[in-house]
Amino acid sequence: MKKLAFQFTVALAVAVSASHVVAQGAKQTLRLFIWSDYMDPAVIKDFEKKFGANVVIDTYESNESMLAKLQGGGARYDLAVPSDYIIQTMVKSNLLQELRAKNVPNLKNIASTFKSPKYDPGNKYSAAYQYSATAVAYRADKVKNPAQSWSVIFGSEDKIRFALLDDPREVIGAALKYLGYSLNSTSTQELAKARDLIVKTKAKKGFVGFDGGPGIRNKLLAGEIDLGQIYAGDGLQGAQENKNLKLFIPKEGTTISVDNLVVLKNAPNRDLAEKFVNFILDAKVGARISNYTQYATPNGAARQYLDPALKSNQALYPPAVVAKGFENIREVGSATRLYDRIWTQVKAR
Ligand code: SPD
């Protein structure tokens with residue numbers, strides 16, 4: 001598999017495009033804060049070459065850790081890639097600045113289902129980047145015919161070695177789904193039941209820990225765990241490396257998340273950030289990214305360039321009957337504090 005750990009600070013002596021000739025030393029730097037293993041390094045190199053820029057990347061594994069770092073104020077980035085439900089929180093926290101549509105003509109490439117979403121009417125601040133469901137990945141050579149259910153994690157089985165995402169809304173959401181509730185529940189009782197279930201699950205002998213999607217993929221590949229909760233794209237990257245790594249969407253339902261490019265309020269380089277968004281929304285570039293990361297693309301114009309195997313992958317583009325069990329994570333208003341408290345309790349026990 002292509003190596004996914006990468007660094008993009010390669011210094012180019014002179015930018016090659018005649019229209020963008022930039023002498024060494026005059027390069028602009030674009031700082032991108034993004035989920036790990038979520039970008040094709042070759043695309044970054046092409047952007048650097050075309051715009052005579054350096055792209056510096058820093059990564060995170062959950063929306064909440066991304067938000068905490070930005071709210072802390074220490075770090076300055078031009079762009080981030082938050083999921084749908086956290087965007088309005090970022091707007092209210094004054095962390096975002098508007099996308100100037102005239103600078104991003106490729107916004108037109110976004111498929112209509114992903115344009116002007118409820119979480120950002122009119123695409124005032126965001127442009128859909130990639131999306132996926134959250135699945136269960138397992139080693140078929142270790143776990144034979146697993147129930148296609150969250151019960152493989154939350155049920156009574158105690159021998160399977162497993163890991164959970166280090167992502168509060170994903171873990172609490174999966175527990176809520178297993179219990180038959182909405183993953184956006186704001187009911188104190190339902191959330192308490194979800195918390196107790198996660199605490200009980202954590203106490204199982206087979207529980208190895210919480211990790212990011214790429215961490216869980218790597219543990220599965222290394223044979224350190226038999227099964228794990230995982231963002232589908234990270235799981236599919238692993239399946240490319242080992243055919244025994246398989247994925248399923250739990251029958252009780254799961255999350256589906258759209259991640260978005262946003263320009264940050266204190267972006268040192270707003271113009272370049274918008275050029276980057278426009279570059280990423282190009283049809284061929286969008287397809288290259290998805291072909292590399294194995295995530296689904298909301299870029300309608302990119303679909304024709306996707307690898308056929310990816311286009312027909314049901315974990316990424318599920319048939320309507322499966323998709324019915326999917327739920328978008330939503331912003332839960334004042335219940336956010338309850339989710340935060342539960343996550344702290346779960347982590348502490
Ligand atoms: N390694 C890339 C992870 C992208 C995950 N998408 C966010 C889902 C949050 N609910």
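What you are looking at is a predicted structure, and each value in this text was computed from that prediction instead of being measured. Both counts, for ligands and for their atoms, begin at 1 and track the order of listing.
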Original post:
Is the closest side-chain donor-acceptor distance between Glu252 and Ser149 under 3.5 Å?
Top reply: yes

Original post:
Between the side chains of Ser116 and Asn123, is a donor N or O closer than 3.5 angstrom to an acceptor N or O?
Top reply: no

Original post:
Looking only at side chains, do Gln28 and Asn269 share a donor and an acceptor under 3.5 Å apart?
Top reply: yes

Original post:
Would Glu327 and Thr255 count as having a side-chain donor-acceptor pair, cut-off 3.5 Å?
Top reply: no

Subject >> Charged N-O contact under 4.0 Å between Asp58 and Lys69 >> reply: yes

Which atom pairs, one a donor and one an acceptor, fall under 3.5 Å between side chains of residues 86-93 and the rest of the protein, sequence neighbours left out?
unit_1: Gln88; atom_1: NE2; unit_2: Tyr119; atom_2: O; d: 2.9
unit_1: Ser93; atom_1: OG; unit_2: Gln71; atom_2: NE2; d: 3.2
unit_1: Ser93; atom_1: OG; unit_2: Thr89; atom_2: O; d: 2.8

Between ligand 1 and the protein, give all atom pairs where both partners are nitrogen or oxygen and the distance is under 3.5 Å, as lines of names plus distance to 0.1 Å.
unit_1: ligand 1; atom_1: 1 (N); unit_2: Ser36; atom_2: O; d: 2.6
unit_1: ligand 1; atom_1: 1 (N); unit_2: Asp234; atom_2: OD1; d: 3.0
unit_1: ligand 1; atom_1: 1 (N); unit_2: Asp234; atom_2: OD2; d: 3.0
unit_1: ligand 1; atom_1: 6 (N); unit_2: Asp259; atom_2: OD2; d: 2.7
unit_1: ligand 1; atom_1: 10 (N); unit_2: Glu170; atom_2: OE2; d: 2.6
unit_1: ligand 1; atom_1: 10 (N); unit_2: Ser257; atom_2: OG; d: 2.8

